[in-house]
Amino acid sequence: MSTLHIFSKPLGYYNTDQLVNLIQSADKVLLLSDACFAIAQFRQLATHLLILADDAKVRDITINQPDHSLSYDDFVALTLATSHSITW
Amino acid sequence: MSTLHIFSKPLGYYNTDQLVNLIQSADKVLLLSDACFAIAQFRQLATHLLILADDAKVRDITINQPDHSLSYDDFVALTLATSHSITW
Amino acid sequence: MARFVLSLHSAPSDHDTTQRLVKFAQACLTQGHNIDAIFLYQNGVFHASEQLDLAADELAINALWQQLHEQGIHLMLCVTAAEKRGLDINNTGVFAVAGLAEFAMLASDADKWVQFK
Amino acid sequence: MARFVLSLHSAPSDHDTTQRLVKFAQACLTQGHNIDAIFLYQNGVFHASEQLDLAADELAINALWQQLHEQGIHLMLCVTAAEKRGLDINNTGVFAVAGLAEFAMLASDADKWVQFK
Amino acid sequence: MINVLVLSHHSPFDDLHIRDALDMTLIFAAVEQNISWLFSGPAVLALKKHQQPEHIGLKNYFKTIRTLEIYDVENIYVCEKSLLEYGLDKHNLLVEVKALNYQQQTQLIAQQQHIVNL
Amino acid sequence: MINVLVLSHHSPFDDLHIRDALDMTLIFAAVEQNISWLFSGPAVLALKKHQQPEHIGLKNYFKTIRTLEIYDVENIYVCEKSLLEYGLDKHNLLVEVKALNYQQQTQLIAQQQHIVNL
């Protein structure tokens with residue numbers, strides 16, 4: 001049982017307190033679009049962040065360990081590997 | 001010289017840190033729409049809050065001292081009594 | 001008597017903001033002030049969509065605009081914002097299609113610019 | 001092979017979300033999964049506006065929808081959301097006008113529902 | 001029958017967010033799925049009693065929220081902390097709700113097949 | 001000539017907010033008013049160098065931001081704290097900017113006849 005949490009904006013757009021409390025250690029956190037700019041902010045939600053490669057690349061953002069870069073194929077696979085997703 | 005600051009949503013929609021630092025004691029803070037629900041939250045921005053009477057009334061919100069209830073005529077007058085307005 | 005320009009930035013689905021702009025505008029007129037323009041910008045341009053047709057228990061948006069128009073208020077639509085949103089600018093009802101420069105000049109001459117969103 | 005439904009919640013002016021949904025959908029198909037529906041909800045319904053006509057240096061939204069349609073994907077528009085927004089539901093291009101119940105049944109049968117906004 | 005959860009976190013008159021969530025909740029009830037609706041942050045204000053938006057020309061959708069009970073939608077949840085933040089308690093609300101702390105919200109999420117954030 | 005200030009606080013691809021602000025700024029320069037543009041919060045990211053949205057089919061409006069210099073728009077301001085928050089400094093930016101603390105932002109606001117938040 002794990003949830004895929006999807007974000008497309010920097011963390012300030014969301015209720016951080018709720019997210020910190022709802023996201024479990026087995027959950028996956030995926031950053032898309034302008035959320036890719038805010039890797040440091042999202043670190044408080046998960047040890048390893050997953051980041052859509054295309055969206056990071058066009059924003060000139062480099063993805064380093066412990067985070068992982070995802071293709072669209074990986075994104076589809078991730079939705080199947082988790083119980084359900086929440087697009088925050 | 002004073003600024004009219006206009007809000008229509010609860011404080012969580014805005015960058016509180018910026019607002020706390022930018023709003024001056026001579027400024028006016030006006031709550032419209034769903035911001036009327038959040039009088040307690042906006043208290044940190046101004047000692048006296050101005051609240052549009054119609055919007056508070058339909059939400060069953062009572063306006064007490066030290067806050068002030070405004071009609072639309074008052075709202076127009078307020079834009080003239082301040083140097084400029086910011087609709088946040 | 002002061003000269004106002006008002007701008008509307010939210011889509012027609014934000015009924016609450018629309019009714020507030022209209023009441024503010026009417027209060028301006030009642031007090032004898034001038035409204036040099038009401039300007040649709042950002043998602044506000046969708047107010048000029050001729051399609052707009054809401055149920056009877058919703059805010060009567062079209063009637064409100066019609067009334068302001070009949071009171072002689074210059075209702076303007078930003079062509080740049082409309083084009084970026086793919087809106088049909090050949091069919092904008094009571095709203096006149098205008099360039100941003102036209103609005104910027106009106107705003108520069110106005111005493112007050114009040115934004116609604 | 002899994003069955004997906006995808007829903008789009010943001011307006012056509014959010015080009016970024018649109019291109020992402022399309023690429024996700026294409027990746028689903030390439031992997032052999034089924035997409036039972038792409039559903040326009042909330043401000044996503046504006047994608048079905050026949051007016052939509054953007055400049056050449058913008059995302060080619062209409063062409064992307066046309067292609068998904070030609071690939072046999074069921075493109076649906078929520079009639080309730082469209083009516084609340086005053087959209088003309090007689091002219092929705094490649095999108096089929098559908099009730100929320102129809103979508104809810106498809107979503108209930110799907111393995112995955114992924115929201116884009 | 002599957003479990004579907006609708007999440008709301010926008011204020012009552014922030015565009016049509018709450019109304020869209022309401023329609024979605026009612027329809028999943030109509031097609032006989034096990035629908036739940038969780039209100040967080042300013043969305044809890046949509047459940048506040050005695051609101052009369054028709055006095056400023058707006059549709060009173062709060063009346064439709066009350067029909068949730070008629071359609072047997074019983075799983076209406078609110079974030080306990082958000083209620084406190086807006087000075088509301090369960091007796092100020094339009095419909096009967098269950099107040100959940102974060103741990104209970106996590107459990108609710110874990111039970112769902114689909115979650116939609118509107 | 002009057003002083004007009006455009007405020008931006010949305011992230012670069014949050015709908016068309018930054019592009020609308022850009023158009024407004026350019027037009028006030030064109031009609032020869034004293035226009036200023038202040039970026040706060042995630043809006044500072046719109047000034048980050050080396051972004052290439054055309055690779056995912058999106059219009060590269062960052063090129064147009066660079067034309068501000070051609071049109072002699074010199075009053076481009078960024079919130080100092082927001083730059084820090086996103087790990088940017090003035091050398092990472094597309095155009096020359098002045099970084100302001102909150103007190104300086106307050107002074108900037110005090111000088112304006114009109115302020116528009118886009």
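So you know, we letter chains A, B, ... as the sequences are listed, proteins then strands, and number each from 1. Small disclaimer: the values here were computed from a predicted structure and weren't measured. As a basis for the values below, the full set of heavy atoms in this structure was taken, side chains included, without hydrogen atoms, waters or symmetry mates.
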### Query
Out of F:His114, F:Gln103, F:Lys81, F:His9, which one racks up the most heavy-atom pairs below 4.5 Å with chain B?
F:Lys81

### Which atoms of F:Leu5 approach chain B - backbone, side chain, both or neither, heavy atom under 4.5 Å
neither

## Note on the structure
If one checks every heavy atom of B:Gln24 against chain F at 4.5 Å, the contacting part turns out to be side chain

### Message
Is the distance between the ring centroids of F:Phe39 and F:Tyr77 under 6.0 Å?
### Response
no

### Query
Of the backbone (N, CA, C, O) and the side chain (C-beta and beyond), which part of B:Ser2 lies under 4.5 Å from a heavy atom of chain F, both, or neither?
neither

### Message
Assess, by modelled atom type and distance only, whether the side chains of F:Ser11 and F:Asp14 contain a donor and an acceptor separated by less than 3.5 Å.
### Response
no

### Contact check, side chains of B:Arg43 and B:Leu49, non-hydrogen atoms, under 4.5 Å
yes

### Query
F:Gln112 versus F:Ile115: any side-chain heavy-atom pair under 4.5 Å?
yes

### Task
Say whether, by atom type as modelled, one donor and one acceptor occur between the side chain of F:Asn75 and the main chain of F:Ser36 under 3.5 angstrom.
no

### Pairs of heavy atoms under 4.5 Å with chain F: top-ranked of B:Thr3, B:Asp17, B:Asn15, B:Ile23
B:Asp17

